[in-house]
Amino acid sequence: SQTIHQWPATLVQPVGSPLSLECTVEGTSNPNLYWYRQAAGRGLQLLFYSVGIGQISSEVPQNLSASRPQDRQFILSSKKLLLSDSGFYLCAWEPRTGVGVYEQYFGPGTRLTVT
Amino acid sequence: AQRVTQPEKLLSVFKGAPVELKCNYSYSGSPELFWYVQYSRQRLQLLLRHISRESIKGFTADLNKGETSFHLKKPFAQEEDSAMYYCALSGDTDKLIFGTGTRLQVFP
């Protein structure tokens, strides 16, 4: 069966420090991968998505970036964190069907607090 | 532009009462619509999609293209229905557009 992992589960980082959040998927190949930020009152905001290795689409301009070095690995990064980057980050995957959205499966999330 | 609106941040009902969580969308084509749910300390997960026309955990949702709505309904709420509910829209791309979510509280 397919599973999705995220780490770390929680992270406290000072302003200006770098960030690296990792997401990996097991049990599937060629998934679509997504990074979301979940904030109270703002719902789920899509940050990045990827339909293949090295293919990244950015939805929201910000100081975050994403990379997909391997088929089932998706990394969210920042060179210098801002206070506004605090939030709950969710990774999700979806079978690539080629026709719209099938169903997205979400990871457990990472709670990031920037101090 | 594709957009999903969930006008209620919080909906509180008593057990046994009917529930309707509102969702309106904006999309010029034929949408695919979903309801996702997040129970306390659990992962966000799919509850139902309009194309399946299923009833899941007693919940149903009908796509009304005239009113551009996809409201989630349940005739008799249970305490275990308390959760965060997100409506989501898929157009002709590989991404979902989520609403801001509605927290449902069901009191005993």
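Because only heavy atoms are used, hydrogens play no part in the values below, and waters and symmetry mates are left out as well, while side chains stay in. Each chain gets a letter, A, B and so on, in the order its sequence line appears, and its residues count up from 1.
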Identified side-chain hydrogen bond (donor to acceptor under 3.5 Å, both in side chains) counterpart of A:Tyr36 within the set A:Glu59, A:Gln45, A:Gln104: A:Gln104
Hydrogens and angles aside, do [X] and [Y] bring a side-chain donor and acceptor to less than 3.5 Å of each other?
X       : Y       : value
A:Arg68 : A:Ser50 : yes
B:Gln45 : B:Tyr36 : no
A:Glu22 : A:Gln73 : yes

Output field: ring centroids B:Tyr85/B:Phe59 closer than 6.0 Å: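 Centroid separation for B:Tyr85 and B:Phe59: below 6.0 Å.
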A:Ile75-A:Phe106 co-clustered via ILVMFWY side chain contacts under 4.5 Å: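 No, A:Ile75 does not connect to A:Phe106 through the hydrophobic network.
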Pick from B:Gln38, B:Gln42, B:Met84 with the largest number of heavy-atom pairs that fall under 4.5 Å of chain A: B:Gln38
Side chain to side chain contact (heavy atoms under 4.5 Å, CB included) between B:Phe34 and B:Leu96, intermediate numbers included: CA-CA 9 Å; B:Phe34 306 80; B:Leu96 281 174; 3.6 Å; yes
Chain A-proximal positions within residues 16-25 of chain B [heavy-atom distance under 4.5 Å]: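 From residues 16-25 of chain B, none sit under 4.5 Å of chain A.
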Per-residue contact mode, A:Leu44 against chain B (heavy atom under 4.5 angstrom): both
